[in-house]
Amino acid sequence: MPHGKKNTSGAGSIRKKTVVRNGTEYTYWEARFTTGFDPSTGKQKQRSITGKTQKEVAQKLRELTAEIDQGIYHEPNKLTLSQWLDIWLRDYLNGVKPRTAESYRCQIENYIRPNLGKIKLEALSTPDIQRFYNGMTAKGLAPKTVIITHGVLHKALQQAVAIGYLRFNPSDACTLPRSERKELKPLDDDAINAFLTAVKGHPHETVFLVTLFTGMRQGEVLGLTWECVDLDNSSLLINKQLQKAMNAEGKRVYSIISTKNSKGRKITLAPTVVELLRRQKATQEAWKQAAGPAWQESGLVFTNELGEHLTHNTVYLEYKKIVRAIGRPDARFHDLRHSYAVAAIKSGDDIKTVQGNLGHATASFTLDVYGHVTDQMKRDSADRMERFIQSVSVQ
């Protein structure tokens, strides 16, 4: 006889129970129900739920039996959020870049695990998570930190949904603090002139100037290889970056990986940039001859005198010395990229071209970031039109 005839999956019974713990009597209600049959033994698989009142338990039982009838019931698991995060980090980040995985771990260890880690995965609720986010804000953490932490937790919980550990993602309904975009502080024309004077003869002069005149990110310029540079056709392909991350042994290592959005972009170089790169190639060849067997062939455009890659921190610290000297101590290395974008827009480049050169996903994002520049250009255009109107008006 088929095992299914013995009893209907989902059928359940409710009873009142009383237990004594440490001399104190406790009364509660329990419902037992059948979820199906063990295929190896043919025995019923039974589960139980409890509650303070018969009504509460009856409601839970109705919901569970309805899920069983609809075929959407899943077995409860006993994992805590902390245990699930360990599994997620270990098994589900294979396609993630090392630096990104390291960032995920930092958010988990610094914020998520200490506050929510002990909660059972299935018991984690939207109010639990919302209180956690609100607490971060109350402690003075920046909205961006809360948003980034939410992104990591949401990804981990969404994976739990995908494999059936959760029916829905409890972080979906949370509200997040509004992140205010920081005011851009690109170098203006006077600051750029001062910067160009200050970097003359500096060991990293070419690094700084190529960054300023191409808008590459720091990791992209440090990870640029000669195979991606076409001096004859005045172009270069940006498809990789130098990135530092923690390896399995906990040591920080540098590696060449794909660019931020994993899509390469080709940009056309100004003649000045081509000349800078020709000069860099000649300088590097002289270093190679001088180093002899000690030369480390990396294929990178920017290296030290032994052919080894430059480090982010060394380049950054040298940059900060220069901007302090020209009266812009607040300028970040990334502001060279912003300076390029603003100069390109002011020079008349259309937004689509600027977007492509910067590697932004959409032109609308570029407009959102640099909208203040185009607004000023519109005002300047209106002023020019007014001057024209006045010049042709009949007096």
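Quick caveat, the model's predicted, so the values are computed rather than measured. The basis for the numbers below is simple: all heavy atoms, side chains too, and nothing from hydrogens, waters or symmetry mates.
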Worked verdict on Glu318 versus Lys321 for salt bridge (charged side-chain N to carboxylate O under 4.0 Å, His left out) | CA-CA 5 Å; Glu318 291 299 315; Lys321 289 179 184 177; 3.2 Å; yes

Hey, is [X] close enough to [Y] for a salt bridge, meaning N to O under 4.0 Å?
| X | Y | value |
| --- | --- | --- |
| Glu227 | Lys240 | yes |
| Arg113 | Glu109 | yes |
| Glu63 | Lys60 | no |

Using only heavy-atom distances, determine whether the side chains of Ser235 and Thr268 contain a donor-acceptor pair under 3.5 Å.
-> no

Does a side chain donor of either Lys155 or Gln158 reach within less than 3.5 Å of an acceptor in the other side chain?
->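 Per modelled atom types, Lys155 and Gln158 side chains form no pair under 3.5 Å.
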
Using the side chain to side chain contact (heavy atoms under 4.5 Å, CB included) rule, take Val207 and Val301 through it: C-alpha gap first, then chi angles, then the decisive distance, then the call.
-> CA-CA 9 Å; Val207 176; Val301 172; over 6 Å; no

Cation over ring, Lys281 on Trp226, under 6.0 Å and within 45°?
->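 Yes, a cation-pi geometry holds between Lys281 and Trp226.
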
Give me the ring orientation class for [X] and [Y]: parallel if the planes are under 30° apart, tilted from 30 to 60°, perpendicular past 60°.
| X | Y | answer |
| --- | --- | --- |
| Tyr254 | His309 | tilted |
| Trp84 | Tyr92 | tilted |
| His204 | Phe208 | perpendicular |

Can you give me the closest heavy-atom contact between [X] and [Y], atom names plus distance?
| X | Y | result |
| --- | --- | --- |
| Asn357 | Arg265 | O-NE, 2.8 Å |
| Ser171 | Tyr133 | CB-OH, 4.4 Å |
| Gln296 | Glu308 | CG-CG, 3.9 Å |
| Trp295 | Glu305 | CZ3-O, 3.5 Å |
| Ala31 | Ile14 | CB-CG1, 3.9 Å |
| Lys185 | Arg328 | O-NH2, 3.0 Å |

Pair listing, salt bridge (Lys or Arg N to Asp or Glu O under 4.0 Å) test, anchored in residues 285-303, at least two apart |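 The answer is Lys288-Glu297.
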
Summary of salt bridge (Lys or Arg N to Asp or Glu O under 4.0 Å) pairs that have at least one residue in residues 156-166, sequence neighbours excluded |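 Every candidate salt bridge (Lys or Arg N to Asp or Glu O under 4.0 Å) pair involving residues 156-166 fails, so no pair, neighbours aside, qualifies.
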
Passing candidate, side-chain contact (heavy atoms from CB on, under 4.5 Å) with Ile112, options Asn110, Asn115, Ile108 | Ile108

Strictly under 6.0 Å, is that where the ring centroids of Phe333 and Tyr316 end up?
->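 That pair fails the under 6.0 Å test.
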
Any donor-acceptor pair under 3.5 Å linking the side chain of Asn233 with the backbone of Asp230?
->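 Side chain of Asn233 to backbone of Asp230: no pair is present.
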
Once you round to the nearest 0.5 Å, how far does CZ of Arg32 lie from CG of Leu61?
->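 Going from the CZ atom of Arg32 to the CG atom of Leu61 covers 12.0 Å.
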
